[in-house]
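Okay, structure first, notes after.
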Amino acid sequence: MPKKYWLFKSEPSSFSIDDLQKMPQQTEHWDGVRNYQARNLLRDEIKNGDELFFHHSSAKPTGIVGICEIVKSGYPDFTAMDPNSDHPDPKMSEDNPIWFMVDVRLKHKFSDTISLQTLKVTPGLEDMMVNRRGARLSIQPVKPEEWNIVMKLARSLILK
DNA sequence: GCCAACGTTGGC
DNA sequence: GCCAACGTTGGC
């Protein structure tokens, strides 16, 4: 199975790339996804070793801030069963796992954000999902060609 | 803060 | 199963 590429959105006010960097092994579970289309990707499609762009939405500026890899593929998002969590779902139980999450590990934090503005004007990224208006999906597939183009933009921003 | 886009809910 | 109402996302 060839490696696949993804883009994960997060609002930095709730979970930022700096938060991830501070976690043990710079690894954390990606919880709180409550959209069925994104759930299906987390449960069925996203596998160990896949890579993703960490994207800050509702940020200044909004855009891609780093790269992670998947270190644990889909498993039930236990935070949905915690009534005190940010995204509880009373319909979810051990026997009826509705929501799923994966574990991600930080690979590179960029020294600067690749802004959405830049992505929009970069040749070859015209059809990238994050560039489409109204594309609210928080877990998005990224084509290998798109990944490579963004990685060229990222080359000078990777410090470690 | 506005509002377009889109997902979900629920009455029928 | 339709679709209006409502809620949420997220760029601007």
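These numbers come from the heavy atoms of this one structure, side chains and all, not from hydrogens, waters or symmetry mates. Lettering follows sequence order; numbering is per chain, from 1.
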Round to a whole Å and report the spacing from [atom1] of [X] to [atom2] of [N].
X	N	atom1	atom2	value
A/L137	C/dG11	CG	P	13 Å
A/R132	C/dG11	CZ	C1'	16 Å
A/R136	C/dG7	CZ	P	14 Å
A/F8	C/dG10	CZ	C1'	19 Å
A/K120	C/dC12	NZ	P	5 Å
A/L119	C/dG10	CG	P	15 Å
A/D89	B/dT8	CG	C1'	13 Å
A/E11	C/dG11	CD	C1'	11 Å

The nucleotide from C/dG10, B/dT8, C/dG11 with an atom nearest the side chain of A/Y36 is B/dT8
ask   = Taking the side chain of A/N35 as heavy atoms from C-beta outward, which of C/dG10, C/dC12, B/dG7 is closest to it?
value =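 Of the candidates, B/dG7 comes closest.
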Do the side-chain N and O atoms of A/W99 and A/D89 include a donor-acceptor pair separated by under 3.5 angstrom? yes
Does A/K60 reach a base, just sugar-phosphate, or nothing at all? Heavy atoms under 4.0 Å. nothing
| query | Between A/K109 and A/D18, is the closest basic N to carboxylate O distance under 4.0 Å? | reply |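 Looking at A/K109 together with A/D18, the answer is yes, because their closest N to O distance falls below 4.0 Å.
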Q.
Check the phosphate of C/dG10 against A/K9, side-chain N and O only, distance under 4.0 Å to OP1 or OP2. Yes or no?
A. yes
* **Short side-chain N/O contact to B/dA5 OP1/OP2 from A/R133, under 4.0 Å** => yes
Cation-pi geometry met for A/K3 and A/Y5 (6.0 Å, 45°)
no
* Please indicate whether A/E126 has more than 12 foreign heavy atoms, meaning atoms of other residues, nucleotides or ligands, lying under 6.0 Å from its CD. => yes
